[in-house]
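What follows is a set of notes on a single structure, which appears directly below.
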2 protein chains.
Amino acid sequence: MVNAGAMSGSGNLMDFLDEPFPDVGTYEDFHTIDWLREKSRDTDRHRKITSKSKESIWEFIKSLLDAWSGWAVMLLIGLLAGTLAGVIDLAVDWMTDLKEGICLSAFWYSHEQCCWTSNETTFEDRDKCPLWQKWSELLVKQSEGASAYILNYLMYILWALLFAFLAVSLVRVFAPYACGSGIPEIKTILSGFIIRGYLGKWTLLIKTVTLVLVVSSGLSLGKEGPLVHVACCCGNFFSSLFSKYSKNEGKRREVLSAAAAAGVSVAFGAPIGGVLFSLEEVSYYFPLKTLWRSFFAALVAAFTLRSINPFGNSRLVLFYVEYHTPWYMAELFPFILLGVFGGLWGTLFIRCNIAWCRRRKTTKLGKYPVLEVIAVTAITAIVAYPNPYTRRSTSELISELFNDCGALESSQLCDYINDPNMTRPVDDIPDRPAGVGVYTAMWQLALALIFKIVITIFTFGMKIPSGLFIPSMAVGAMAGRMVGIGVEQLAYHHHDWIIFRNWCRPGADCVTPGLYAMVGAAACLGGVTRMTVSLVVIMFELTGGLEYIVPLMAAAVTSKWVADAFGKEGIYEAHIHLNGYPFLDVKDEFTHRTLATDVMRPRRGEPPLSVLTQGSMTVEDVETLIKETDYNGFPVVVSRDSERLIGFAQRRELIPAISE
Amino acid sequence: MVNAGAMSGSGNLMDFLDEPFPDVGTYEDFHTIDWLREKSRDTDRHRKITSKSKESIWEFIKSLLDAWSGWAVMLLIGLLAGTLAGVIDLAVDWMTDLKEGICLSAFWYSHEQCCWTSNETTFEDRDKCPLWQKWSELLVKQSEGASAYILNYLMYILWALLFAFLAVSLVRVFAPYACGSGIPEIKTILSGFIIRGYLGKWTLLIKTVTLVLVVSSGLSLGKEGPLVHVACCCGNFFSSLFSKYSKNEGKRREVLSAAAAAGVSVAFGAPIGGVLFSLEEVSYYFPLKTLWRSFFAALVAAFTLRSINPFGNSRLVLFYVEYHTPWYMAELFPFILLGVFGGLWGTLFIRCNIAWCRRRKTTKLGKYPVLEVIAVTAITAIVAYPNPYTRRSTSELISELFNDCGALESSQLCDYINDPNMTRPVDDIPDRPAGVGVYTAMWQLALALIFKIVITIFTFGMKIPSGLFIPSMAVGAMAGRMVGIGVEQLAYHHHDWIIFRNWCRPGADCVTPGLYAMVGAAACLGGVTRMTVSLVVIMFELTGGLEYIVPLMAAAVTSKWVADAFGKEGIYEAHIHLNGYPFLDVKDEFTHRTLATDVMRPRRGEPPLSVLTQGSMTVEDVETLIKETDYNGFPVVVSRDSERLIGFAQRRELIPAISE
């Protein structure tokens, strides 16, 4: 590859090297950078520094500093991204709880923190400590009854509306680029496009603040995608401090790739998954050096986050799970079914969301973004509050759905009918018949699932920061948990069926509904984003065991295939196309056999293609061409008659060349 | 990058596309493939199949089969590589124990398997069951005493010599390519070089058999590198079954990259680490599709291995460890010291090993490979037997060194003086003073360390399959464990020292010597191979916790920097250079500014460079040129005077072009 490429390109490379380029370090907004030129400029820079470094000790130190600046940038990105993620987590925790009540001892404590300091709480009463007051308790001294419920309901909606209004206003006034998940734009930027301000300091600040607000408001969105954007803003900020990166758009993109890895790393506590996400999903040009540095940045970020310890469990991981039973081959069937569900959800979501976003772009709807956000928030809050599975924050929901029902679990989902004669150790609870709580939970989950599916379609794409990972995972986790409980009960009541007979004896712990939730989450996330390897690795880092990789892989691959059958585009590519960004996917394959003349013709009534010819143009001709047209560049052909392409000259190179 | 490259190359690409190439599918031995041509041929093939698939249902099915053949190959590779690894593990287990004794109930049982079937064994006596007889017990009915010891010693040496002799003879007679670790050659092959038979079926068979023999013989070598070679042989075998891969050397290399990942995956039970190893260390051209497929192959291989369950512990992982205490910032200092040690060991090993291998190549030594192997085996067996840490297999040694001393641990390394008043739970044992056993272990480890360092230098490169991972890790683990015990005792006896005061109170469990062993192992492996990310990921998969990534990363990076300071080449690159393979490292950076004419001049007395000129040559001239020289290709220049390079024409393309 390298040899042949170098050979065939060598003719032009030579011309290109004979004269030093004019120092066109800055590209214009919405232009695409020239990767080869950036690469070559960096080689130049490097050569200069190396030759200078032999001159004096000072220059030598400078060359060392230059060599180390890459690692320094990574360290700084990791530290800042980790810190921001920690601060966001803490703030979201507090503000989500603020919708329900307030801590009397210190208003900046979340519910959990408030009750830590309280001595009276036993394990049973851990959620009920006197210092934490619901709004109804504080305002009308009532904790139960219809009026207290309505008051709490109203306060919940009020806070949600306030947060959402603040967020959308901040975004509109200070940093319009802070909206959305940011991943489609970052993909485009990494492929070489320039969007000024998209990774700026204002965007960083506003996105961080509004992210906290929108997540706390209870809207159906996550913070994972926006965290990647935030990390990339950090990367952009720090790379502007070092001339090696600030003056070279190609090198800057290496830093941004690594920053994206750090973003995912803190979003999920999955450093390796982050690096693979950056490699598989986001990046365009990913040399090995970037791999090492990304890994370093991802690690630093993960450990900064762990030191802040926002979840209070010393775990790096958002959804820490531990299952006690293996899975069985027969379970692959429901896992693959979940994969199919994930693929269908992905297709449905992408189609509906894109249709809605196109509607927003083309109709009056797009003119009232604040109103739209307020309306969606109001609907979300009104519908979400009565159902316990939508009222709490989505990540808590996912966490509960992933959980295995241990002996100490008090959740409604774990309300099974226990055998009074059971003398097993706590870790090894056999399958039990479902109690009333589980049946209640089932229909609440079903309602929550339908609501999430509908509302997420309308939420993603509004003018606020909004990630997709968490809502997608929630949809999958709900569906998965329901399937899991179904299979579990089926296996319990029909041990003698041929499909259960071989692996599920009476009194054994066969089915783990939490695992189904996790598989479902992976399937839905895969259907929407079309990730495979990085998705499985992220999930692997969540569970920490190789044991469950096969179910995850099966679901992820099924989901990708099903979704791909309906349309090749993931949600990010779909949004890139919707917004018309000039993104050339490296994964796309093009057949090289068609000649451009066969498919490209000037439109009727338009002038023919403006070209430079190899030998027959005078400087005046070129000047006229530049003056009369406003194209960014011109193909160079042998002559007007043969039109065989020799190369391509850009306007910004031609102008300085002529004026000399 | 893509745009500019396509532009500058388009002139040549066009010529190249106008006429279909002659079907030169086969390259000659020791030639380098043309990546661009292979790529283009594959696109052609693909286009043909796609257009045909619309013709009939049969063609459509054929096109589907073609699209799925990539996954099928991966599945087959994973299954075969996993099976072979399992068989090798089982056979090595049995044959290693055969050096010590035999199972009376069934001679094909290893020591452990033999004693499983015995009912009488309590936990204490698990190693002493009547069915397992040492050679002395079997032959002279004595289990203790000097004569029994000497008899066992002799039997140990005898078996080792037998195994080694068999191995080297098999390699010499049937498959000379089966020797060495194979990774340098695989790197070269993946970069586009052709070595016929290197990945052939004979090599596969003989390497598998001899690998078992040499590992069992107790030589200081591991099976990890050779397993990569074995997996690549599987990859080559299966790719020859599908015309998509067998007829295209470029596509075949994608399969081989994935096979290398599967090899590491089964060697360490680390599928993600395997993929990253393939990406970082071995591969040359690694598109995203290969990433997915590698991951799939690595997973299948890992699960096949787990189903065979050769370690009898249902674990995928060779060295499963679980530590109970975190590490402290102050410990980073000894970890970094271990990194420095690893770097120095890497440098020392590479220099000495290369010097010795060069000596073998150039002097008489190389003419007696069988004698050399016999001599080294004899020395190894004689020196190794008396020391318990070198007598057992190296992977068992590493496993013991990594282990944390739990309450039930009976190893000599865990012979601490227990506080009789201790009432702690078993998991949380405070630091204790070392007992006699630990001090004995310390000097035995020191001797073992020196021996391992010396003998590994002479072992790696002999004409038998030999991997480097395990001996390197053993060296590091021994050094690390010694440092760890040192720090632990220092901390125990000097709680009041300022460096310990903050984190190590009396009665606390501060230092885990096993962690030091693991860090040391990573450092030494890093020093020799210069891996970073894949090394850390492999280690992460061994421990299964993010907790210890920072120490590992610190040691791996220090080790790489220290080793790089003395020489940029890892052991594989060094062997590539030693053997003169035409390998162009993708990681190397070249400055493009020097003209070839400035550095390349024909040697005195040799004719000038044979070139083709652009317009002034007749067919006869070209024919004469081809007849009179035997170069593989000729540069094409504008004219004899300007010598500006336009392209490059290969002999094998010129001959058919002229003869038409």
Side-chain angles (χ1 to χ4, degrees), chain A residues 1-5 7-14 16-17 32 34-37 39-40 43-44 46-47 192 269 271-272 275 279-280 285 288-289 291-292 295-296 299 302-303 306 316-317 532-533 536-537 540-541 544-546 549-550 553 584 586-587 589 591-593 644-648, chain B residues 1-5 7-14 16-17 32 34-37 39-40 43 46-47 192 269 271-272 275 279-280 284-285 288-289 291-292 295-296 299 302-303 316-317 532-533 536-537 540-541 544-546 549-550 553 557 584 586-587 589 591-593 644-648:
Chain A
M1 195 83 176
V2 163
N3 289 333
M7 284 305 170
S8 57
S10 52
N12 289 29
L13 200 66
M14 283 298 207
F16 177 76
L17 291 173
T32 300
D34 181 339
W35 284 95
L36 209 59
R37 165 202 293 249
K39 175 96 191 145
S40 173
T43 313
D44 253 28
H46 195 249
R47 205 172 47 101
I272 305 173
V275 173
L279 172 64
E280 184 183 354
Y285 170 61
L288 263 182
K289 223 191 219 167
L291 181 73
W292 298 332
F295 195 63
F296 180 68
L299 270 182
F303 270 84
R306 210 198 63 145
L316 193 57
V317 166
T532 52
V533 179
V536 173
V537 173
F540 160 72
E541 289 188 78
L546 276 176
I549 272 200
V550 169
M553 190 83 191
L584 203 66
V586 269
K587 288 174 220 163
E589 288 195 11
T591 43
H592 298 295
R593 289 280 165 143
R644 162 164 260 177
L645 190 72
I646 298 169
F648 191 81
Chain B
M1 193 80 176
V2 165
N3 290 334
M7 285 304 171
S8 58
S10 54
N12 289 29
L13 200 64
M14 285 296 206
F16 178 78
L17 291 173
T32 301
D34 182 339
W35 285 94
L36 208 59
R37 164 204 293 250
K39 175 99 189 143
S40 173
T43 314
H46 195 249
R47 203 171 49 98
I272 305 173
V275 173
L279 173 63
E280 183 184 354
Y284 187 80
Y285 170 60
L288 262 181
K289 222 190 220 168
L291 181 73
W292 297 331
F295 195 63
F296 179 68
L299 270 181
F303 270 84
L316 194 56
V317 166
T532 52
V533 178
V536 173
V537 173
F540 159 74
E541 288 187 79
L546 276 175
I549 271 200
V550 168
M553 189 83 190
V557 168
L584 204 65
V586 268
K587 290 175 218 163
E589 289 197 9
T591 43
H592 298 294
R593 288 282 166 142
R644 165 164 260 179
L645 189 73
I646 299 168
F648 190 82

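Chain naming here is simple, since letters A, B, ... match the order of the sequence lines and numbering starts at 1 in each.
Distance check: B/F303 CZ to A/M553 CE gives 11.0 Å after rounding to the nearest 0.5 Å.
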A/V537 vs B/F295, side-chain contact (heavy atoms from CB on, under 4.5 Å): CA-CA, chis, key distance, verdict: CA-CA 10 Å; A/V537 173; B/F295 195 63; 4.1 Å; yes
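Between A/L291 and B/T532, every side-chain heavy-atom pair lies at or beyond the 4.5 Å cut-off.
B/V275 does not touch chain A: none of its heavy atoms, backbone or side chain, sits under 4.5 Å away.
The ring-ring contact (aromatic ring centres under 6.0 Å, His included) test applied to A/F296 returns A/W71, not counting sequence neighbours.
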